[in-house]
Amino acid sequence: MAAQQPPIVLYDTLSASKRPLELLEPGRCRIYTCGPTVYDMSHIGHARAAIVPDVLVRTLRELGVEVTYARNVTDIDDKIIRRAAEEGSTPGAVAERYTAEYHRDLADLGCLEPDVEPRVTAHVPEIISMIEALVERGLAYASDGDVYYRVAAFAPYGALSKRSLEDMQAGARVEVNERKENPLDFVLWKGAKPGEPAWASPWGEGRPGWHIECSAMSRRYLGDTFDVHVGGRDLIFPHHENEIAQSQGACGVGTFARHWVHNGFVDFAGEKMSKSLGNFFTIREVTALYPAEALRFFLLGVHYRSGINFDVEVPCPGCGAPLSTDEQHGEACPHCGARLEVDELRRRVRFPGLEEADDRVKAIYETLERAQVFLNGPGGGQGAVAPEPPEVPVSPAVADMLSRFRAAMSDDLNTAAAIACLSEPLREVNRLLVAKKKEVDPVQRRATIARFLRDMAAVSRFLGIFGADPGTYLRARRDRKAARLGLDTAAIEALLARREQARAEKRWKEADALRDELASRGVVVNDAAGHSSWTL
RNA sequence: GGCCUGGUCGCCAAGUGGUAAGGCAGAGCUCUGCAAAAGCUCCACGCGCCGGUUCAAAUCCGGCCCAGGCCUCCA
């Protein structure tokens, strides 16, 4: 597809409107997103902040745009230093460890690797030279070993966050820092403190402030001006506002990101996440309980700019009664009196929304698997999808699926609407798969199912979901869930075999009793023509 | 206090001027030894409330009520 036209419409925070993504260079898009500060395990909010730009990148690529995607790692920062001190480790070791954990989480979540992933500590020279440029232009000043940005000297300050300097001064907390000319000035370079990592600079030993790294590194890899900057909503102020001040201050007004994309928050149980029980979970904690694809599907079920709520259900270990947030913090269950311990509660936590997502992803994979088997027979591999017979009519619902899906994705990455486009085709394919021979035109049936599989492969490239081999996914999901529930797979298979024998001999009572026994463990039995299968 | 979002079916959630997507739950049915899965049918004359603009409004304007966020580290 020639991408001469703006490929998609995207909401832009700076202009506060949806507008076509007009690329600096037709057919090519440069994207920068703020990656994590690596001082701890990443939480679900980080997952969303990574998945949103990932879907943007995937969508543009699928629409024929050549994308350069940069996502930084902030590997030097107060929190990293503090963490290292707590652990008796070094900031470098802390950063390295959590960078690796972050990569593992994102790989689980199906995020593509960025084309470049710059680290702050490897770009100190670029940072210093940018600060020097700001000082030369009167936009920054050295003060007692620190360097600060002179906010009042940058006229557009506040344009992104829609706040005037006066507004902010009125609402600002009084900050005691006599090194600053203005309380709103922010630090570009921090003078070294004893025992902290430090680099030589024109202002003495020190290290970069928080915001400057994104300005310096985006410039290095994407140029003075690039197409899209992505980040969480909470970064609009001060982080992104300051990036604009730095970059445009150094490179000129009109430079830097042409389009600002900000994703909404993830809330837990209706509250913004905080590190107290019940509303703070890491990616790893969640993916230990549910498939990572279910988490991704859940996060994409809501438009990226909206907040998304993670329902959390914490049952009492004693009586199973759901506990309110307050009750979770209590000593004992108000219903049965059982002692409550944090670790125990965290292990038993349930996420109803994720369970629904898990079931939905499972159901879609089941349809994909049945479709594959229909076309290729049992054991037919993923790559063995039969070519679509030419010029054969395909059921309308399936024929339109991909174009409708693509249209939704092109309209400000409306993943929720895009996913909804799959429902009708899914129903149609399921209908065709079980239809009696005389009910459908066999040629059309085959063509429709083949087309569906082909187009679902495209869908999976947009979303980063449904790309696994269905049989492999379903087996892994089931076995993992069985292990988590402490079920003995071999014992289940044995019961199932006994039941099949009973059924073959029409001993229905025995067969039903065995099914009840399996059901009591949560195992769902599915009888097909010749054989039975089980799932969870 | 300043600034900014959002209030759509029991729950989740699309829809930003043209007559309410989708998912879950629920009801009935088909298939089935019985189930399960799948499928079929049904499930918001109304989109926080009150006015207004318009041939036409969930969508635009004004007022009000409610919830949340940012202004400090934060995805």
Side-chain angles (χ1 to χ4, degrees), chain A residues 13 16-18 33-37 39-40 42-53 77-79 82 158 161-164 166-173 175 183-184 210 230-239 241 262-267 270-275 297-298 301-309 311 352-353 355-357 359-360 362-364 366-367 370 404 408 411 414-424 426-436 439 503 506-509 511-512 515-516 518-519 523-529 532-535:
Chain A
T13 306
S17 62
K18 254 168 47 167
T33 195
C34 292
T37 300
Y39 70 101
D40 203 351
S42 300
H43 59 235
I44 305 304
H46 294 115
R48 193 178 197 196
I51 288 170
V52 167
D77 164 272
D78 292 346
K79 293 188 287 290
R82 177 158 39 85
S161 53
K162 316 288 179 234
R163 271 186 280 249
S164 70
E166 298 80 67
D167 287 344
M168 288 187 275
Q169 269 153 353
R173 312 281 196 279
E175 188 178 349
L184 296 174
W210 173 33
V230 189
R233 221 179 175 70
D234 50 343
L235 296 183
I236 294 173
F237 190 89
H239 186 57
E241 195 72 73
H262 289 103
N263 64 270
F265 291 123
V266 179
D267 292 345
E271 294 168 28
K272 188 181 171 182
M273 290 193 303
S274 70
K275 290 205 172 189
F297 184 81
F298 176 80
V302 177
H303 185 86
Y304 75 88
R305 276 190 284 123
S306 303
I308 184 167
N309 188 237
D311 275 325
E355 280 172 19
E356 187 182 320
D359 286 343
R360 184 71 179 149
K362 174 191 170 204
I364 291 172
E366 282 172 342
T367 297
R370 270 178 263 139
R404 300 200 315 132
D411 182 9
N414 195 335
T415 51
I419 288 168
C421 295
L422 308 181
S423 292
E424 196 187 343
L426 237 12
R427 264 200 307 278
E428 172 69 2
V429 167
N430 279 326
R431 196 178 67 78
L432 291 174
L433 285 169
V434 299
K436 302 273 192 295
E439 293 170 351
R503 284 186 71 230
K506 297 198 192 307
R507 300 195 309 271
W508 305 125
K509 280 212 161 140
D512 290 349
R515 184 170 59 203
D516 288 345
L518 286 161
V523 175
V524 178
V525 175
N526 192 336
D527 294 331
S532 298
S533 60
W534 63 281
T535 186

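Numbered from 1 within each chain, the chains take letters A, B, ... in sequence-line order. Predicted model, so just to flag it, every value in this text is computed and none were measured.
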For A:Lys18, give me all partners under salt bridge (Lys or Arg N to Asp or Glu O under 4.0 Å), at least two apart in sequence or on another chain.
A:Asp411
Residues in ring pair (Phe, Tyr, Trp, His ring centres under 6.0 Å) contact with A:His239, at least two apart in sequence or another chain:
A:Trp210, A:His211
Does A:Ala435 have any side chain to side chain contact (heavy atoms under 4.5 Å, CB included) partners at least two apart in sequence or in another chain, and if so, which?
A:Glu439, A:Val440, A:Arg445
Base, backbone or nothing for each nucleotide of nucleotides 25-31 of chain B, written B, S, -, heavy atoms under 4.0 angstrom, 5' to 3'?
-------
Does A:Asp512 contact B:G33 through a side-chain donor or acceptor facing the base, at a distance under 3.5 Å?
yes
Under 4.0 Å from OP1 or OP2 of B:G23: is there any side-chain N or O of A:Arg427 that close?
yes
Within the modelled atom types, does a donor on one side and an acceptor on the other bring the side chain of A:Asp78 and the base of B:C73 under 3.5 Å apart?
no
Distance, rounded to the nearest Å, where A:Asp267 contributes CG and B:G69 contributes C1':
9 Å
For A:Ile419, which residues count as a side chain to side chain contact (heavy atoms under 4.5 Å, CB included) partner, sequence neighbours excluded?
A:Phe297, A:Leu300, A:Leu463
Examine A:Arg163 relative to A:Phe237 and say whether NZ or CZ is less than 6.0 Å from the centre of the six-membered ring and inside a 45° cone about the ring axis.
yes
Apply salt bridge (Lys or Arg N to Asp or Glu O under 4.0 Å) to A:Arg305 and list each qualifying residue two or more places apart in sequence or on a separate chain.
A:Asp412
Nearest to the A:Ala511 side chain among B:G33, B:A37, B:G22, which nucleotide is it?
B:G33
Based on Watson-Crick and G-U pairs with both distances under 3.5 Å, what dot-bracket line describes RNA chain B 5' to 3', crossing pairs as [ ] and inter-strand pairs as |?
((((((((.[[[..)..(...]]].(((((.......))))).....[[[[[..)....]]]]])))))))....
In whole Å, what is the span from the CZ atom of A:Arg233 to the C1' atom of B:C71?
14 Å
Kindly write out the residues that satisfy side chain to side chain contact (heavy atoms under 4.5 Å, CB included) with A:Glu366, not counting sequence neighbours, or none if the list is empty.
A:Lys362, A:Arg370, A:Leu474
Qualifying residues under salt bridge (Lys or Arg N to Asp or Glu O under 4.0 Å), relative to A:Arg431, sequence neighbours excluded
A:Glu428
Roughly how far apart, to the nearest Å, are B:G10 and B:C43 at atom P?
14 Å
Residue list, side chain to side chain contact (heavy atoms under 4.5 Å, CB included) with A:Arg503, at least two apart or on another chain:
A:Arg499, A:Trp508, A:Ala511, A:Asp527, A:Ser532
Looking only at N and O atoms, is any donor in the side chain of A:Arg163 or the base of B:C70 less than 3.5 Å from an acceptor on the other one?
yes
Indicate whether OP1 or OP2 belonging to B:C73 is found under 4.0 Å from a side-chain N or O atom of A:Arg82.
no
Measure CZ/A:Phe297 against C1'/B:C12 and give the value in whole Å, please.
12 Å
Rounded to whole Å, CG of A:Asp311 lies from C1' of B:C12 at a distance of 8 Å
A:Asp512: what forms a salt bridge (Lys or Arg N to Asp or Glu O under 4.0 Å) with it, not counting sequence neighbours?
A:Arg515
Nucleotide N/O to protein N/O under 3.5 Å, stretch nucleotides 13-17 of chain B:
residue : atom : partner  : partner atom : Å
B:A14   : OP1  : A:His303 : N            : 2.8
B:A14   : O3'  : A:Asn414 : ND2          : 2.8
B:G15   : OP1  : A:Asn414 : ND2          : 2.8

Distance from A:His262 atom NE2 to A:Asp234 atom CG, nearest 0.5 Å?
9.0 Å
So, under a plain 3.5 Å distance rule, would you say the side chain of A:Arg515 forms a donor-acceptor pair with the base of B:A35?
yes
